[in-house]
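It should be emphasised that the depicted structure is a prediction, and the values quoted were computed from it without experimental measurement. Lettering follows sequence order; numbering is per chain, from 1.
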Protein chains: 2
Amino acid sequence: MHLNTMPGHMIRRLHQISSQVFQHRLAAAGLELTPVQFATLTILDTHPVLEQAQIAALIAYDRATIGGVIDRLEQRGYVTRKTSVRDRRARDVSLSDAGLKALRQAEPIVTDLQSEILKNLTQSEQRDLIALLTKAVKDTDHDA
Amino acid sequence: MHLNTMPGHMIRRLHQISSQVFQHRLAAAGLELTPVQFATLTILDTHPVLEQAQIAALIAYDRATIGGVIDRLEQRGYVTRKTSVRDRRARDVSLSDAGLKALRQAEPIVTDLQSEILKNLTQSEQRDLIALLTKAVKDTDHDA
DNA sequence: TAGATATAATATGTATACATACTAAAAATA
DNA sequence: TATTTTTAGTATGTATACATATTATATCTA
């Protein structure tokens, strides 16, 4: 059994590299945002108010995990959370001014670091990989 | 900022799909092995004895994480661990009979599930993706 | 509309994943 | 060889990641 021929193994390793580059680059810029936290802030930037379940759906996440992510973002003052008037089970989450500021600081760094994740590939290969990843992830149903 | 054009985000999502397919397929077969546990057993299958640091290096892992993985594999009787005679800091890890048996049961399922992870891609696209992943992960130094 | 079903979020438990600090032991070097 | 540096593993703390169970609230349906 050769791990290096198994996409699952290679995907795990690239994900690992990706997370590390992200964390290190942001830390080097004095920011402390995880990839998931960044994704959450990004989604909230284009949707003024979202319930946690909607955030989970938009960035393809588990509801339980998102709860913790929002907890930490709220503690740091990056998002606000209040019970929805429409549905008292739901919590309306919004980006705060501080959250927007952090997001704007992070954006150029995150854009920049993408090519570092794929620095072993040529520009053309990077485009190919992104296209393949996009198609691979395209939502038919991997869960069915 | 569009998450869907960022390799980091797409890689995270594909990794997520990959982990879920792995977990569900193995559970459906009555086996409870995580991707990392499987990778560890696989490496030990081709190396009779390995120190934890060597395992970490071979499957590209953190030493602290591997410690926990080995703990759980040892608890379940899949590996044995004893202090190295050559270096009293190190622990020699080996596959047990039970571990080998679990590995042999898991192997065909894991081989099988790889194509399910990439089921949105054609055979040719799957090959292209694996080639690109291999090159992307190729060890120059992402950590430097 | 009452009872069944579904859903939003939380709580709990397990397993990565990694940084940092720590201990013990080995290796390097002055 | 004494001292410094490095290394192997563990401990601790934070943050995903997800399964399962629970609670509160909506929604569906008989």
Here the distance between atom P of D:dT16 and atom CD1 of A:Ile66, to the nearest Å, is 9 Å
How far apart are the C-alpha atoms of A:Lys119 and A:Glu116, what are their side-chain angles, what is the distance that settles it, and do they pass the salt bridge (charged side-chain N to carboxylate O under 4.0 Å, His left out) test?
-> CA-CA 5 Å; A:Lys119 70 176 178 186; A:Glu116 188 184 343; 5.0 Å; no
Between B:Met6 and A:Phe38, the two heavy atoms sitting closest are CE-CE2, 3.7 Å
Separation of C:dT14 atom P from B:Arg76 atom CZ, nearest Å, is 13 Å
Item to complete: Pick base, sugar-phosphate or nothing for B:Thr65, based on heavy-atom distances below 4.0 Å to the nucleic acid.
Response: base
In B:Val79, B:Leu95, B:Leu44, the residue satisfying side-chain contact (heavy atoms from CB on, under 4.5 Å) with B:Leu50 is B:Leu44
Is B:Arg25 atom CZ crowded by more than 12 heavy atoms from other residues, nucleotides or ligands, each under 6.0 Å away? no
Q.
If we ignore hydrogens and angles and just use 3.5 Å, is the side chain of B:Gln37 paired with the main-chain N or O of B:Thr34 as donor and acceptor?
A. yes
Here the distance between atom P of D:dT10 and atom CD of B:Glu74, to the nearest Å, is 9 Å
In whole angstroms, the gap separating C1' of C:dC18 from CZ of A:Phe22 amounts to 15 Å
When rounded to whole Å, the CD to P distance for the pair B:Glu32 and D:dA19 reads 13 Å
Among the nucleotides C:dC18, C:dT16, C:dA25, whichever has the atom closest to the side chain of B:Arg88 is C:dA25
Practice prompt. Give a yes/no on whether any side-chain N or O of A:Arg12 is located under 4.0 angstrom from OP1 or OP2 of C:dT16.
Written response: no
Reading nucleotides 2-11 of chain C from 5' to 3' and marking B where a protein heavy atom lies under 4.0 Å of the base, S where only the sugar-phosphate is that close, and - otherwise, the string is ----BBBBSB
Set out, in order, the CA-CA distance, both residues' side-chain angles and the distance that settles salt bridge (charged side-chain N to carboxylate O under 4.0 Å, His left out) for B:Asp92 and B:Arg86, then state yes or no.
CA-CA 10 Å; B:Asp92 283 339; B:Arg86 201 176 35 68; 5.4 Å; no
Atom CD of A:Gln23 and atom P of C:dC18 are separated, to the nearest Å, by 10 Å
Using the salt bridge (charged side-chain N to carboxylate O under 4.0 Å, His left out) rule, take A:Arg91 and A:Glu51 through it: C-alpha gap first, then chi angles, then the decisive distance, then the call. CA-CA 5 Å; A:Arg91 320 290 301 277; A:Glu51 298 173 6; over 6 Å; no
(request) Please answer whether the main-chain N or O of B:Ile43 pairs with a side-chain N or O of B:His47 as donor and acceptor at a distance below 3.5 Å. (result) yes
For C:dA15, does OP1 or OP2 lie under 4.0 Å from any side-chain N or O of B:Gln37?
no
Between CD1 of A:Ile59 and P of D:dC18 the distance, given in whole Å, is 11 Å
Are A:His24 and C:dA19 close enough that a side-chain N or O sits under 4.0 Å from OP1 or OP2?
yes
Contacts of A:Arg86 and A:Gln75 projected onto DNA chain D by closest heavy atom; the upstream (5') one is A:Gln75
Whole-Å distance, B:Phe38 CZ to C:dA15 C1', equals 18 Å
Does B:Ser18 reach the main-chain N or O of B:Leu14 with its side chain, forming a donor-acceptor pair under 3.5 Å? no
Under a 4.0 Å heavy-atom cutoff, the residues of residues 95-112 of chain B touching DNA chain D are none
